[in-house]
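This one's a predicted model, so the numbers in the text were calculated from it and none came from an experiment.
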Amino acid sequence: MTATPRTPRKAHRAGASASAKARSIAAAERPRTLASAALAAAAGAALGAVLQGAALALVLAAAAATAAAVWRWRRSAAATWRMGAVGEKRTGRRLDPLARRGWTVLHDRRLGPGSRANVDHLLVAPDGTVVNVDSKVRNGAVRYDRRKRYLRIGKTSGFQLVKSTLYESEQIGQTLQRELGRPVKVESVLAVHRAKLPPWHNIEIKGVKVMSARDVRSWLRSRGGRGTIGGKEVAAAAEKLFHPYQ
C-alpha cells in the first residue's frame with residue numbers, strides 16, 4: 001500500500017498575534033465605541049431639533065455618530081496593534097522570497113516558554129547567520145546625526161526604537177547557545193515603515209541596523225553565504241526552540 005504524502009505544515013503568518021490582539025482589544029472597546037456614537041447621535045439629533053428640521057436631525061445624528069466612532073477607532077489601542085500587524089505582514093512578504101535561496105524564515109515566534117514577548121521575524125542564513133528583524137511602523141520627521149549616532153523619529157528616540165530588539169536578540173542568542181553548546185551571534189535589524197529614513201546613510205544604533213523595510217531583503221541577500229552543516233544545525237534549532245506565537 002502506497003503511503004499518502006504528508007501535507008507540508010503551513011507557515012505561521014507574519015503579524016498573526018498582533019492581528020489577534022487587535023481583534024481582542026477591539027471587542028473589549030466596542031461598548032465604549034457604541035456609547036460614544038450614541039451620545040454623538042443624540043447631540044446631533046438635538047441640534048437638528050433646535051434648528052426645526054426632522055430630516056436635518058437625522059442627517060446630523062448619523063454624521064455625528066459616524067465621526068465619533070471613527071475618531072475613537074483611530075485613537076484606540078486596537079488601532080495601534082492593527083497598524084503594527086500591517087507592518088509585520090508587509091515585512092513578511094518582503095522576506096519570504098529568501099526561503100528560495102536557502103534561508104530559514106520564521107515569522108511571529110514566541111521568545112521562550114511562557115514568555116509574553118514575540119520575535120517578529122527570525123531568519124537563519126544558509127551559513128548559519130542568525131538575524132532578528134523587528135518591524136516598526138513610525139510616522140513623523142526623521143532626525144539623524146551620524147557622527148553622534150543620534151536618531152529620532154517623531155517623538156521616539158533611537159534607543160527607544162531598538163530597546164526591545166536588543167533584548168530579543170540577546171535572548172535568541174542565549175537560547176541557541178544553550179541548545180547548540182557554542183556561542184551564536186545574532187544580528188539585529190529594524191525594518192521601518194512609513195518614516196522616510198535618509199537613504200545615503202547606514203544607520204546603526206547600539207549595534208542594530210536601522211533601515212527602510214523595502215531595503216532589508218537586498219541587505220540580507222548580500223550576507224547569506226554558502227550553505228553549511230552548521231547552518232542547518234542552527235536553522236533546525238531555531239525551528240525547534242521558537243514556536244509560533246499563539
Side-chain angles (χ1 to χ4, degrees), residues 5-30 73-74 76-126 129-139 161-162 164-165 167-169 171-172 175-176 186-195 208-221 224 232 234-246:
R6 294 180 63 186
T7 302
R9 185 180 63 180
K10 185 177 180 181
H12 193 63
R13 292 182 300 109
S17 63
S19 295
K21 183 70 173 180
R23 290 192 296 269
S24 174
I25 295 175
E29 291 179 338
R30 192 168 295 121
W73 180 82
R74 287 180 175 176
S76 66
T80 300
W81 281 93
R82 195 178 296 112
M83 182 173 64
V86 169
E88 290 181 38
K89 290 175 183 177
R90 290 176 178 173
T91 304
R93 287 195 294 269
R94 294 180 183 277
L95 297 178
D96 283 337
L98 289 171
R100 296 195 292 268
R101 292 177 170 269
W103 286 69
T104 297
V105 183
L106 308 175
H107 300 301
D108 198 18
R109 297 286 162 148
R110 187 179 294 278
L111 191 55
S115 174
R116 298 181 64 182
N118 77 308
V119 181
D120 291 347
H121 317 279
L122 179 59
L123 293 90
V124 182
T129 299
V130 181
V131 187
N132 170 29
V133 179
D134 195 7
S135 292
K136 296 290 185 186
V137 181
R138 287 293 183 273
N139 296 307
L161 285 169
V162 304
S164 60
T165 312
Y167 171 76
E168 293 164 9
S169 295
Q171 295 301 309
I172 292 168
T175 301
L176 289 173
V186 180
E187 297 192 31
S188 306
V189 177
L190 205 66
V192 180
H193 294 267
R194 293 192 181 180
V208 180
K209 299 288 186 182
V210 181
M211 63 184 73
S212 171
R214 66 175 177 270
D215 297 328
V216 174
R217 187 174 69 199
S218 60
W219 183 81
L220 290 173
R221 283 175 58 182
K232 291 181 180 179
V234 176
E239 291 193 84
K240 171 188 174 183
L241 298 169
F242 302 101
H243 302 154
Y245 196 101
Q246 301 293 339

Checklist entry - Nearest heavy-atom pair of Val119 and Glu168: which atoms, and what distance? => result CA-OE1, 4.5 Å
Item to check | Partner of Met211 under side-chain contact (heavy atoms from CB on, under 4.5 Å), chosen from Leu190, Val192, Val216 | outcome: Val216
Checklist entry - What pair of heavy atoms forms the shortest contact from Trp219 to Val189, and how long is it? => result CZ3-CG2, 3.6 Å
Checklist entry - Any side-chain donor paired with an acceptor under 3.5 Å for His121 and Ser135? => result yes
Checklist outcome for this item: Taking every heavy atom of Leu123 against every heavy atom of Val133, the minimum-distance pair comes out as CD1-CG2, 3.7 Å
Checklist outcome for this item: Residues Val124 and Ala238: closest non-hydrogen pair is CG2-CB, 4.0 Å
Item to check | Approximate separation, where rounding is to 0.5 Å, of Glu88 CD and Lys136 NZ | outcome: 9.0 Å
Checklist entry - Rounded to the nearest 0.5 Å, how far does CD of Glu239 lie from CG of Leu122? => result 9.5 Å
Checklist entry - Taking the side chain from Tyr245 and the backbone from His107, do they hold a donor-acceptor pair closer than 3.5 Å? => result no
Item to check | Distance, nearest 0.5 Å, that separates CG of Leu111 from CG of Leu241 | outcome: 11.0 Å
Item to check | Reported CG-to-CH2 distance for the pair Leu95 and Trp103, which is rounded to 0.5 angstrom | outcome: 9.0 Å
Item to check | Exceeds 12 heavy-atom contacts within 6.0 angstrom, atom CZ of Arg138 | outcome: yes
Item to check | Check: Ser169/Ser188 side-chain N/O donor and acceptor closer than 3.5 Å | outcome: yes
Checklist entry - So how far is it from Asp96 CG to Arg13 CZ, rounded to the nearest 0.5 Å? => result 12.0 Å
Item to check | Under 3.5 Å: donor-acceptor pair, side chain of Arg221, backbone of Leu98 | outcome: no
Checklist outcome for this item: Between Arg90 and His193, the two heavy atoms sitting closest are CB-CE1, 3.6 Å
Item to check | Residue pair Val210, Leu161: steps toward the side-chain contact (heavy atoms from CB on, under 4.5 Å) verdict | outcome: CA-CA 9 Å; Val210 181; Leu161 285 169; 5.7 Å; no
Next on the checklist: Nearest 0.5 angstrom please: Lys240 NZ to Thr175 OG1, how far?
Outcome noted: 12.0 Å
Checklist outcome for this item: Between Ser115 and Ala117, the two heavy atoms sitting closest are OG-N, 3.0 Å
